[in-house]
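Heads up: the structure comes next, in structure tokens.
In this chain, residues are counted from 1 in sequence order.
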Amino acid sequence: MSPAVTRVAASLSGLLAFPVTPFTESGDVDLSGLKAHLTDVLAARPSAIFVACGTGEMASLTATEHQAVVKAAVEHVAGTVPVLAGVGGGTRTAAEFARAAQAAGADALLALPPYLQVGPPTGLVAHYREVAAATDLDVILYQRGTALFSPEAVAELAEVDNIVALKDGHGDMELLQLIQTATGGRLPLLNGMPTAEIFARSYVGLGARAYSSAVLAFLPEVAVAFFQAFEKGDDATQDLLLREFYAPLAALRNTTPGYAVSLVKAGLDIRGRSAGPVRSPLAQVTPEHREQLARIIDRGLSALSAASVA
């Protein structure tokens, strides 16, 4: 195993950061804003940074924009932690993005589900085999939406040398256990659920301690405190933060499709770190929901202060 592969594999054991892609008010990619955002994210000391993924609005980026975002992130992070790039779309599009991300210096890839296309397990296997074959980089599968794998399909893909992990955003524990059994645990499992902190303890029994945190992008104090409590087995702090912050945030997220991303950008703006608007078909957070989000953020910070005093 090469040092680069070892480094990427090691990065999948901690708190995973999923930054947004900042846009200007006119809707163009804001690379200077991206670098400022990454500086804030790096201060929270995540184990890896995943750029141009779901939170980074990968599906709305052109190929040119995607490569520019990955290149800017790689240059700015400068080897501090591995930078993984999201790739997705149809098979040839995803393969093209994979090659471009490798050329831009990414350390590994997160293969997002094929957009709108739903095929049988054999079709999914063929899709991800072709994406993996397009690059020398390690590839992480992402189970969610149109990419729901059978245990047999994952076992087959686990034989591909550069497919190294499975990120799950579906939450079917029975399916995950069957996948783990079929693969003999060869692919590390990552908790990739929306508001993953809510599911963190549920995934431990399947060997998944690493998880993706969208909250890290706009409220790193709370995200880091929760992860530290999770690592230490501090149930009291986890329960407090879940009750006061994460559960209300998830309830607000569930009111509107696309809010898993829109709320992150609204949260950044509320905290004086604006990353601009989201791109359609996502919608901006309504004024009423923005006020509700501001109250939830305040509750989270107050809970964090109470936990620190305790």
Identify the heavy atoms of V131 and V87 that sit nearest to each other, and give their distance. CG1-CG2, 4.3 Å

Non-neighbouring partners of H289 that pass ring pair (Phe, Tyr, Trp, His ring centres under 6.0 Å), sequence neighbours left out: Y259

Exercise: identify the closest heavy-atom pair between L293 and A266: CD2-CB, 3.8 Å

Would you say the side-chain atoms of R273 pair up with the backbone N or O of L268, donor to acceptor, closer than 3.5 Å? no

Min side-chain heavy-atom separation F218-I270 under 4.5 Å: no

Between atom NE2 of H37 and atom CG of D40, what is the distance when rounded to the nearest 0.5 Å? 7.5 Å

Can you confirm whether E159 is buried at CD, in the sense that more than 12 heavy atoms of other residues, nucleotides or ligands lie under 6.0 Å from that atom? yes

Looking at every non-hydrogen atom in both residues, tell me the closest pair between G267 and I297 and how far apart they are. CA-CD1, 4.1 Å

Between side-chain atoms of residues 15-25 and protein atoms elsewhere (two or more places apart, or another chain), which donor-acceptor pairs fall under 3.5 Å?
unit_1, atom_1, unit_2, atom_2, d
T21, OG1, G56, O, 2.6
T24, OG1, S26, N, 3.4
T24, OG1, S26, OG, 2.9
T24, OG1, G27, N, 3.4
T24, OG1, D28, N, 3.1

Between H76 and K35, is there a donor-acceptor pair closer than 3.5 Å when you use the side chain of the first and the backbone of the second? yes

Same cluster for L219 and L252 if Ile/Leu/Val/Met/Phe/Trp/Tyr side chains link at under 4.5 Å? yes

Shortest non-hydrogen contact from P151 toward I179: CA-CG1, 3.9 Å

Q284-S262 side chain donor-acceptor pair, cut-off 3.5 Å: no

Say whether, by atom type as modelled, one donor and one acceptor occur between the side chain of N162 and the main chain of L137 under 3.5 angstrom. yes

Please give me the minimum heavy-atom distance between P188 and V164, naming the atom from each residue. CD-O, 2.9 Å

If I compare all heavy atoms of A250 with all of I198, which pair ends up nearest, and what's the gap? CB-CD1, 3.5 Å

Does any non-hydrogen side-chain atom of Q177 lie less than 4.5 Å from one of M173? no

Side-chain donor or acceptor of T237 paired with backbone N/O of D234 under 3.5 Å: no

How long is the straight-line distance from CD1 of I49 back to OG1 of T80, given to the nearest 0.5 Å? 8.0 Å

Close side-chain approach of L109 and D138, heavy atoms under 4.5 Å: no

When rounded to the nearest 0.5 Å, the distance separating CG of L166 from CG of L187 is 6.5 Å

Does one side chain, of Y142 or D168, offer a donor that lies under 3.5 Å from an acceptor on the other? no

Provide the full list of side chain to side chain donor-acceptor pair (under 3.5 Å) pairs with a residue in residues 52-61, sequence neighbours left out, each pair given once. E57-K265

Is it the case that one hydrophobic cluster holds both L148 and F199, taking links as side-chain heavy atoms less than 4.5 Å apart, direct or via other members? no

Following the transitive rule for hydrophobic clusters with a side-chain heavy-atom cut-off under 4.5 Å over Ile, Leu, Val, Met, Phe, Trp and Tyr, establish whether V261 and L110 coincide in one cluster. no

Taking only distance into account, with no hydrogens and no angle test, what donor-acceptor pairs under 3.5 Å do side-chain atoms of residues 93-105 form with protein atoms, sequence neighbours excluded?
unit_1, atom_1, unit_2, atom_2, d
Q102, OE1, T135, OG1, 2.5
Q102, OE1, D136, N, 2.9
Q102, NE2, D136, OD2, 3.4

Let me check something: do V215 and V264 share a hydrophobic cluster, defined by ILVMFWY side-chain heavy atoms less than 4.5 Å apart, either directly or through other members? yes

At what distance, to the nearest 0.5 angstrom, does CG of L249 lie from CD of E197? 9.0 Å

Quick check for you: to the nearest 0.5 Å, what is the distance between E152 atom CD and T122 atom OG1? 12.5 Å

Atom pair NZ (K167) and CG (L141), whose distance is rounded to the nearest 0.5 Å: 12.0 Å

Test your reading of the model: is there a side-chain donor-acceptor pair from Q143 to the backbone of F149, 3.5 Å cut-off? yes

Transitively linked via ILVMFWY side-chain contacts under 4.5 Å: L38 with V29? yes

Given 3.5 Å as the limit, does a donor-acceptor pair link the side chain of T255 with the main chain of A251, or not? no

Between N191 (side chain only) and M193 (backbone N and O only), is there a donor and an acceptor less than 3.5 Å apart? yes

Give a yes or no on this: more than 12 heavy atoms of other residues, nucleotides or ligands lie within 6.0 Å of atom CZ of R201. yes

S213 (side chain) donor-acceptor with L216 (main chain) under 3.5 angstrom: yes

What residues form a salt bridge (charged side-chain N to carboxylate O under 4.0 Å, His left out) with D30, not counting sequence neighbours? none

Can you see whether F230 has R209 sitting over its ring - NZ or CZ less than 6.0 Å from the centre and within 45° of the normal? yes

Are the aromatic ring centres of F245 and F226 under 6.0 angstrom apart? no

Could I get the full list of side-chain hydrogen bond (donor to acceptor under 3.5 Å, both in side chains) partners for D172, not counting sequence neighbours? none

How about CZ on R271, more than 12 heavy atoms from neighbouring residues, nucleotides or ligands closer than 6.0 Å, or not? yes

Looking at L304, is its backbone amide N or carbonyl O close enough to the side chain of E221 to form a donor-acceptor pair, meaning the two atoms are under 3.5 Å apart? no

